[in-house]
Structure formats: C-alpha cells, structure tokens
Amino acid sequence: MTLQKMLLLAVLALALLVLAFFVLSPRHRDKTAQALLSSSTWQHMVSPGDLSQAHASLENNCAACHTPIAGVAASKCIVCHADNRALLQRQPTTFHANIQSCTPCHLEHRGHNERPTNMHHVALARIGLRQMEQSSEAARTQTAQIKNWLEQTSRASFSAEKLKKEERALNCATCHQTKDRHQGLFGTDCAQCHGTTAWTIPEFRHPSAASQLCAQCHQAPPSHYMEHFRMIDQTICGQPNAKVNQCFLCHQTTVWNDIKGVGFYKHH
C-alpha cells in the first residue's frame with residue numbers, strides 16, 4: 001500500500017470518527033444538520049468539559065475567554081469582572097484589583113456544579129514575586145533577598161512543615177484579618193500554627209474540661225455584655241452570680257451551645 005493511500009485511509013477514518021461523535025453524542029443527537037455545521041458545535045468537539053453555572057452563558061462562545069494559540073488571557077477576564085465591586089471592596093479579595101493573572105486559581109470546564117475557584121497560595125506568591133521583579137531595580141533586589149530568606153527559613157522553621165516555601169512570603173493577615181477568631185490575641189503570624197490546606201490544627205489539644213481559663217482565648221458574644229446575660233443566660237444555666245469571663249460555669253468544651261445541666265440549647 002502506497003503512502004498516499006495510507007494517508008487517504010487515515011483521513012477517512014478521522015472523518016468517520018467525527019461523524020460518529022455527532023451522531024452518537026447525546027449533546028448533538030437532536031440537532032439539525034444546520035446546527036451540526038455551526039461553529040459552536042465544532043467548538044464543542046474540542047471542549048474538555050462543561051462550564052460552571054457562572055459562565056454557562058459562554059458555552060457556545062469560546063472566543064469570549066480563549067485567544068488562539070495564547071490560551072486564556074487575563075485581559076478577557078477583566079472585561080467582565082473589572083467592575084465587580086463586591087469582590088474588590090472586600091479585604092480578603094481586594095488583591096484581585098492588580099493581580100493580572102487569573103488561570104492559576106480559576107479553573108473551568110469542570111462541570112456545571114463545580115465552582116471555578118481553586119485557591120492556590122503558591123501561585124499567588126509567585127505572581128507577587130514576579131510583579132516585584134518587573135517593577136523596579138530596588139524591587140528586584142528586594143525580591144532576591146526574599147527568595148534567599150525563603151530558602152533559609154524553609155530549612156530551619158517549624159512552620160515550614162505546614163507551608164510550602166513560596167507560601168511563607170505571603171502575609172496571611174492581609175486577607176484573613178477580618179476572620180481572626182483569636183481577636184488579635186496571637187498576633188498576625190498565622191503560619192506559626194496554621195497551614196493553607198485547612199485551618200484546623202491536628203496537633204491542637206484543648207485544655208482540660210476542668211480548666212477555668214477560658215477567657216484567655218475565647219471572647220464572649222455581645223449579648224453577654226447586655227441585660228440579656230442576666231435575664232436569659234444566667235437563668236437558663238442556674239448561675240445567677242456568674243460573671244461574663246466565667247465561661248466554665250455554664251459551657252461545655254464540646255460546643256458553646258452545650259450547657260452544663262441543660263444540654264444543647266438554641267435560644268434563637
């Protein structure tokens with residue numbers, strides 16, 4: 001068999017595969033011939049999966065996000081999201097104003113029910129360091145110093161066990177200060193205890209249930225500083241002389257709503 005015939009057979013086989021895709025695929029089975037020949041249908045052939053619900057309206061418009069050869073450009077994301085005030089005015093997400101890189105954390109074509117967000121702290125750190133290197137000579141020098149510091153601390157620091165090397169360049173409080181459950185009691189170096197995969201700490205062991213030093217870590221809710229505390233809380237617990245910082249008189253260490261002698265209690 002000549003090379004020309006082999007190429008012809010290969011083309012025919014490819015054409016049959018394409019035809020089978022259109023005929024057998026549930027997505028295209030009910031479409032008319034005109035619809036099958038449309039550009040959006042051909043785009044679906046190379047689509048790796050459905051878009052999320054947030055971007056479902058772009059299902060038939062690949063060019064809204066993709067640039068030929070270059071892929072997904074941040075400029076195309078910005079066209080739609082530049083005026084997202086809810087995103088840009090909140091402290092945890094205000095960094096989006098000048099990040100200029102979307103795809104490391106925002107992934108698509110994973111299905112309608114998947115959120116197009118996958119927080120990637122290493123990518124965020126790399127973006128920040130890259131922007132510093134491109135800004136000025138002084139910033140480039142500072143970036144080199146930061147990278148040298150990261151190399152040293154990643155080998156000698158306790159928190160290196162919880163964080164990847166680049167993640168140590170991030171200031172956790174910049175984004176997470178509004179969610180600090182410790183009310184600033186432990187400072188802003190979150191990495192002393194926390195990692196980026198989960199906020200829970202496997203090594204943490206709560207003090208004995210007999211401990212009376214709860215107020216060192218736990219802040220009472222606003223209602224405890226109002227008449228509500230005397231009229232409701234003290235009465236329910238049977239502790240008419242309890243003070244706000246004497247948590248141990250009423251609360252268990254399981255959950256705050258587990259009241260001693262009462263059980264799980266939900267007032268509201």
Next on the checklist: On a heavy-atom basis, which atom in F186 and which in C217 lie closest, and how many Å separate them?
Outcome noted: CZ-SG, 4.0 Å
Item to check | Nearest atoms (heavy-atom pairs only) where C65 meets L58 | outcome: SG-CD1, 4.0 Å
Checklist outcome for this item: Minimal heavy-atom distance between M231 and T235, with the atoms involved, is O-OG1, 3.0 Å
Checklist entry - ring pair (Phe, Tyr, Trp, His ring centres under 6.0 Å) with F95: which residues, sequence neighbours excluded? => result none
Checklist entry - Heavy-atom count around K260 NZ within 6.0 Å, excluding the residue itself: above 12? => result yes
Item to check | Gap separating the CD atom of E167 from the NE2 atom of H120, nearest 0.5 angstrom | outcome: 8.5 Å
Donor-acceptor contacts under 3.5 Å from residues 104-112 side chains, at least two apart:
unit_1	atom_1	unit_2	atom_2	d
H106	ND1	P116	O	3.1
H106	ND1	T117	OG1	3.4
E108	OE1	S52	N	3.0
E108	OE2	S52	OG	2.6
E108	OE2	H55	ND1	2.6
H109	ND1	G49	O	2.7
R110	NH2	R115	O	2.7
H112	ND1	L51	O	2.9

Checklist entry - Looking at L150 and A169, what are the two nearest heavy atoms and their distance? => result CD2-N, 3.7 Å
Next on the checklist: Using the rule given for side-chain contact (heavy atoms from CB on, under 4.5 Å), can you reason through H251 versus I259, listing the C-alpha separation, both sets of side-chain angles and the distance that settles it, and then say yes or no?
Outcome noted: CA-CA 5 Å; H251 297 279; I259 307 300; 3.9 Å; yes
Checklist entry - Taking atom CD of Q89 and atom CG of N84, what is their separation to the nearest 0.5 Å? => result 9.5 Å
Checklist entry - Which distance, rounded to the nearest 0.5 Å, do you find between the CD of Q53 and the CG of N113? => result 5.5 Å
Item to check | Where A220 and V244 come nearest, the two heavy atoms and their spacing | outcome: CB-CG1, 3.6 Å
Item to check | CG on N171 to OG1 on T188, rounded to 0.5 Å | outcome: 6.0 Å
Show the atom names and distances, to 0.1 Å, of all donor-acceptor pairs under 3.5 Å that link a side chain in residues 122-131 to residues at least two apart or in another chain.
unit_1	atom_1	unit_2	atom_2	d
R126	NE	E166	OE2	3.4
R126	NH2	E166	OE2	3.2
Q131	NE2	N98	O	3.1
Q131	NE2	I99	O	3.0

Next on the checklist: Once rounded to the nearest 0.5 Å, what's the spacing between atom OG1 of T196 and atom NE2 of H121?
Outcome noted: 5.5 Å
Item to check | NZ-CG distance between K164 and L170, expressed to the nearest 0.5 angstrom | outcome: 12.0 Å
Checklist entry - Would you say the side chain of C247 lies within less than 4.5 Å of the side chain of W256, judging by non-hydrogen atoms? => result yes
Item to check | Remaining members of the apolar cluster that contains W199, side-chain heavy atoms under 4.5 Å | outcome: none
Checklist entry - So which pairs with a foot in residues 204-221 pass side-chain hydrogen bond (donor to acceptor under 3.5 Å, both in side chains), sequence neighbours left out? => result Q219-Y225
Item to check | Contact summary for A86 and T93, nearest pair of heavy atoms | outcome: O-OG1, 4.5 Å
Donor-acceptor pairs under 3.5 Å, side chain of residues 134-144 to any protein atom, not counting sequence neighbours: which ones?
unit_1	atom_1	unit_2	atom_2	d
S135	OG	M132	O	2.8
S136	OG	A139	N	3.2
E137	OE1	R140	NE	3.4
E137	OE1	R140	NH2	2.8
R140	NH1	E133	O	3.1
T141	OG1	E137	O	3.1
T143	OG1	A139	O	2.7

Next on the checklist: Taking A63's backbone N and O only, do any of them form a donor-acceptor pair with K76's side chain (distance below 3.5 Å, no angle check)?
Outcome noted: yes
